[in-house]
Amino acid sequence: MDDSEYGNEVESKKLPSSKYKGVVPQPNGRWGVQIYEKHRRVWLGTFTEEEEAARVYDIAALRFRGHNAITNFNVSFENDEDYYMEKLFLSSHSKAEIVDMLRKHTYKAELEERKQNYACHGISGESRELLFEKVVTPSDVGKLNRMVIPKQQAEKHFPLYTEIASKGVLMNFEDNSGKVWRLRYCYWSSSQSYVLTKGWSRFVKEKNLKAGDLVCFWRSNVGPNPRLFMDSKPRDGSGFETMGEVRLFGVNILDEPNRDYVANNR
DNA sequence: AGCTGTGTTGAA
DNA sequence: TCAACACAGCTG
């Protein structure tokens, strides 16, 4: 008898199965990773190490299916700050963004960068200076797609010079999850108002902002560059649940309804 | 030329 | 939903 039935893996055409979920063998000995969603396969890249591939699957599973997803390794450090940071990181990126990072092998680096950011600035605002808050009006959250910044606050914190006032400037704000919001800020001479325009309606929609809710603006001068922050607070909060402390743990931030996933082929 | 990732199928 | 298998087509 020949040895084709056993011990001839080297020249055998049969690829070795992986013991890990979502991990499939590649002809060259590397490992592919895939996850399924709605009858469709989402390709997560190829990796040299089988275990690395398995961890990639786990990350995608957490992002796609929430923290109860079946994974290859135990990722259940409830109460662990690193695990919380990772959940926050996952929930503040779209599925497409996470898939992209996994495929490009940049997920770990980007997560670490976010953690560094957190360590430097904190999420609870201890290094942020509150600039001002505004109770949003019905027209701020209506169809005008703009928010008026009270003139006194605008001129104090976000001065615009006449040459560019009408054209406006693009400003980047981070919210408490680390998500960046890019908004146009300009002066409308017709109404003599300072307004946030392009990008504002997206913020309203995603934060589910209602008239009477609060929008807060901060600045941080820690680190190389000054940074701006904005986020919303519901109208009748206890007044204490700002951001940062409680409410961080135990919230199913990964259980949000699914949104945009578009496979990106490149 | 070698590799990745898709097309496809059948099992659970 | 899942992995197995074959290989088209992409990349360098």
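Here is the naming used below: chain letters follow the sequence lines, and residue numbers restart at 1 for every chain.
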Salt-bridge contact A/R146-A/D140 (side-chain N to carboxylate O under 4.0 Å): yes

Given that both pair distances must be under 3.5 Å and the pair must be Watson-Crick or G-U, what runs of three or more consecutive pairs involve DNA chain B? B:1-11 with C:1-11

Under the 3.5 Å rule, do the base of B/dT6 and the side chain of A/R40 count as making a donor-acceptor pair? no

Answer yes or no: is there a side-chain heavy-atom contact under 4.5 Å between A/Q192 and A/K151? yes

Any residue meeting side chain to side chain contact (heavy atoms under 4.5 Å, CB included) with A/H157, in chain and number order, not counting sequence neighbours: A/L131, A/F132, A/Q153, A/R219

For A/K14 and C/dA4, is the shortest distance between a side-chain N/O and OP1 or OP2 below 4.0 Å? no

P atom, C/dG12 versus B/dT6: distance in rounded Å? 16 Å

I need the CG-P distance between A/N72 and C/dC2, as an integer number of Å. 11 Å

Atom CZ of A/R103 to atom C1' of B/dT4: distance rounded to whole Å? 9 Å

Assign each of A/K38 and A/S18 the nucleotide of DNA chain C bearing its closest heavy atom; nearer the 5' end lies the nucleotide of A/K38

Identify, residue by residue, the members of residues 21-36 of chain A with a heavy atom below 4.0 Å from DNA chain B, and return them in order of residue number, or none. A/Q26, A/P27, A/N28, A/R30

When the distance from CG of A/L44 to P of B/dT6 is rounded to whole Å, what number comes out? 10 Å

Partner of A/N208 by side-chain contact (heavy atoms from CB on, under 4.5 Å), out of A/K205, A/E206, A/K210: A/K210

Does B/dC3 have its OP1 or OP2 closer than 4.0 Å to a side-chain nitrogen or oxygen of A/T46? no

A/F89 vs A/H93 aromatic rings, parallel, tilted or perpendicular, using cut-offs 30° and 60°? tilted

I need the minimum non-hydrogen distance between A/K21 and A/I70, along with the two atoms involved. CD-CG2, 4.2 Å

Atom-to-atom span, NZ of A/K104 to C1' of B/dT4 - whole angstrom: 16 Å

For A/F47 and A/R41, find the nucleotide of DNA chain B closest to each by heavy atoms; which residue's nucleotide sits nearer the 5' end? A/F47

What is the distance, to the nearest angstrom, from the CG atom on A/L15 to the P atom on B/dG5? 16 Å

Check: A/F173 ring centroid to A/Y185 ring centroid under 6.0 Å: no

A/F47 vs A/V33 side-chain heavy atoms within contact, under 4.5 Å: yes

Face-on cation placement of A/K198 at A/W200 ring, 6.0 Å and 45° thresholds: no

